[in-house]
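Report on the following structure.
None of the values given here were measured: they were computed from a predicted structure. All residue numbers refer to positions in the sequence shown, counting from 1. Just so it is clear, the values below take in all heavy atoms, side chains as well, and ignore hydrogens, waters and symmetry mates.
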Amino acid sequence: GEAAVMNPMQRLLLEHSYNALHMCGERRASLLNSDTGVFVGAWAGDYDRIISSTGKGRSIYALSADAAAVMVGRLSFVLGLQGPCTPMDTACSASLVACHGALRAVQLAECEASVIGGVNMMFTSSFGSLMAMAGMTSACGRSFTFDKRADGYARGEAVTMATMATLDAERVAPSFELRGSAVRQDGKSASLTAPSGQAQQGLLHSALADANCDPDELTLHEAHGTGTGLGDPIETGSLSAAVLTMRSPEVASLRSGGVKASIGHAEPGAAMTGLLHLAVGLQNSVAMSNVQLRVINSYVEGNLRGGRCCLPVGIATLDESSTGAVSSF
């Protein structure tokens, strides 16, 4: 009954969250009635159209089939988690904002550990058609990050889940230290959806300050990198002004890239794909390739010129003790 009606993203969240918890050594018995939190970037998406166009809409379970609060709350219900349970919808940055919320909750002792992540699935062509009409998506079906061909982004699907705990917590799975984060808004910009370079610079400064991180420490940067003619130049301009100009001339170049060029833009689930892409690079001491980069966007090139930053088009080796940063706007 209920499983046949509910949004499939609920099942995916349950499955992958359980896998993440299991991999770090947690068991259902120890999680029951714990103050473990759940923070997930999610939106209802277009599943409501499936419900309204089929007999599923007449089920009593239709009320709980598609709400983001239910989608995230179901994990807390199934495992008996009594910590904060929060769905985040800040569009493309949703899952990284969720990660920020989990970090603050752990730092403030609101919970000892959290499940964090993001999810996105596409069920109909309606959203994609509207985005294409608005000029947001690529006519070529690719996210040409940093490339002169950039004409919008390619939509993608993803479900990415991880766990967060205090540094003294024992964990079985590979772990990384999340030193700090920051969240801000564009405020008054050219339009409701247009990015603000000034606000992005403020965000980067705040994130570095919160992490107590000197720009010279950074070796790897995961860009938002949607592959748009407006967004990519503004992002690289902000990176140059807030980070690259603050780095010492003798440090190695900062490697920057974006996973959206490989897997598309997973919208509310996108930011966590970037964070995990960065984590894989740090774990293996490599900077991933910018797979769609053939001829660099002239505005991006101008912003990065002389700034000790490179955009790898092949696998680049890093020092083992590397520090990375991820942006999501």
Inset, instruction - Quick one: which residue pairs count as a salt bridge (Lys or Arg N to Asp or Glu O under 4.0 Å) with a foot in residues 136-163, not counting sequence neighbours? - result: D147-R149, R155-E267
Inset, instruction - Decide whether L276 and V119 are clustered together by the hydrophobic rule: side chain heavy atoms of Ile, Leu, Val, Met, Phe, Trp, Tyr closer than 4.5 Å, transitively. - result: no
Legend entry - Considering all heavy atoms, the nearest A242-H205 contact: O-CE1, 3.5 Å
Inset, instruction - Is it possible for you to say whether V97 and V40 belong to one hydrophobic cluster, with membership spreading through side-chain heavy-atom contacts below 4.5 Å? - result: no
Inset, instruction - Say whether, by atom type as modelled, one donor and one acceptor occur between the side chain of D89 and the main chain of W43 under 3.5 angstrom. - result: no
Inset, instruction - Without swapping roles, check the side chain of N120 against the backbone of G156 for a donor-acceptor pair under 3.5 Å. - result: yes
Legend entry - T236 versus N303, side-chain donor and acceptor atoms under 3.5 Å: yes
Legend entry - Flag, side chain of S289 to backbone of I315, donor-acceptor distance under 3.5 Å: no
Legend entry - Shared hydrophobic cluster, L13 / M121 (ILVMFWY, side-chain heavy atoms < 4.5 Å): yes
Inset, instruction - Test L75 against every option in V78, L79, V72 by the side chain to side chain contact (heavy atoms under 4.5 Å, CB included) rule and name the one that passes. - result: L79
Inset, instruction - Check the pair Q82 / N33 against side-chain hydrogen bond (donor to acceptor under 3.5 Å, both in side chains), numbers first and verdict last. - result: CA-CA 6 Å; Q82 296 182 351; N33 298 328; 3.2 Å; yes
Inset, instruction - Please determine if E250 and R308 form a salt bridge, counting it only when a charged side-chain N lies under 4.0 Å from a carboxylate O. - result: no
Legend entry - Distance-minimising heavy-atom pair for A65 and V5: CB-O, 3.7 Å
Inset, instruction - State whether the side chain of E222 and the backbone N or O of V259 hold a donor-acceptor pair below 3.5 Å, judged by distance alone. - result: yes
Inset, instruction - Without swapping roles, check the side chain of D232 against the backbone of G225 for a donor-acceptor pair under 3.5 Å. - result: no
Legend entry - Expected output: side-chain T228 to main-chain G231 donor-acceptor under 3.5 Å: yes
Inset, instruction - Give a yes or no on whether the backbone of E26 and the side-chain of S30 come within a donor-acceptor separation of less than 3.5 Å. - result: no
Inset, instruction - Specify the closest pair of heavy atoms between A154 and S143, including all atoms of both residues, with the distance to one decimal. - result: N-OG, 3.0 Å
Inset, instruction - Answer with yes or no after comparing the ring centroid distance for H16 and H22 against a 6.0 Å cut-off, counting only values under it. - result: no
Legend entry - Gap separating the CD atom of Q292 from the OG1 atom of T145, nearest 0.5 angstrom: 8.0 Å
Legend entry - Donor-acceptor side-chain pairing of T219 and R255 below 3.5 angstrom: no
Inset, instruction - Report the distance from atom CZ of F144 to atom CG of N297, rounding to the nearest 0.5 Å. - result: 13.0 Å
Legend entry - Any residue meeting side-chain hydrogen bond (donor to acceptor under 3.5 Å, both in side chains) with S240, in chain and number order, not counting sequence neighbours: none
Inset, instruction - Locate the shortest heavy-atom distance separating S248 from D216; write the atom from each residue and the value. - result: OG-OD2, 2.6 Å
Legend entry - Where S76 and C85 come nearest, the two heavy atoms and their spacing: OG-SG, 3.4 Å
Inset, instruction - Inspect the contact between R179 and E217 and indicate whether a charged nitrogen and a carboxylate oxygen are less than 4.0 angstrom apart. - result: yes
Inset, instruction - For the pair D210 (side chain) and S181 (backbone), establish whether a donor and an acceptor sit closer than 3.5 Å, ignoring hydrogens and angles. - result: yes
Inset, instruction - Taking all heavy atoms of F146 and all of L293, pick out the closest pair and write down the distance. - result: O-CD1, 3.6 Å
Legend entry - Value rounded to 0.5 Å, distance of CG in N284 from OG in S322: 11.5 Å
Inset, instruction - Indicate whether the side chain of H224 and that of E235 have a donor and an acceptor atom separated by less than 3.5 Å. - result: no
Inset, instruction - With side-chain contact (heavy atoms from CB on, under 4.5 Å) as the test, would you mind laying out the steps for K56 and Y47 before giving the verdict? - result: CA-CA 11 Å; K56 294 180 179 181; Y47 188 71; 3.4 Å; yes
Inset, instruction - With rounding to the nearest 0.5 Å, note down the distance linking OG in S126 to CG in D46. - result: 4.5 Å
Inset, instruction - Examine M164 and L96 and state if one hydrophobic cluster contains both, with Ile, Leu, Val, Met, Phe, Trp and Tyr joined whenever side-chain heavy atoms are less than 4.5 Å apart. - result: yes
Legend entry - Hydrophobic cluster identity match, V159 and I263, side-chain contacts under 4.5 Å: no
Legend entry - For S298, all residues meeting side-chain contact (heavy atoms from CB on, under 4.5 Å), sequence neighbours excluded: none
Inset, instruction - Would you check, one step at a time, whether the test side-chain hydrogen bond (donor to acceptor under 3.5 Å, both in side chains) holds for T90 with S93? - result: CA-CA 6 Å; T90 57; S93 62; 2.9 Å; yes
Inset, instruction - Using modelled atom types only, decide if a donor and an acceptor are shared between the side chain of T317 and the backbone of V286 within a distance under 3.5 Å. - result: no
Legend entry - R247 (side chain) donor-acceptor with L218 (main chain) under 3.5 angstrom: yes
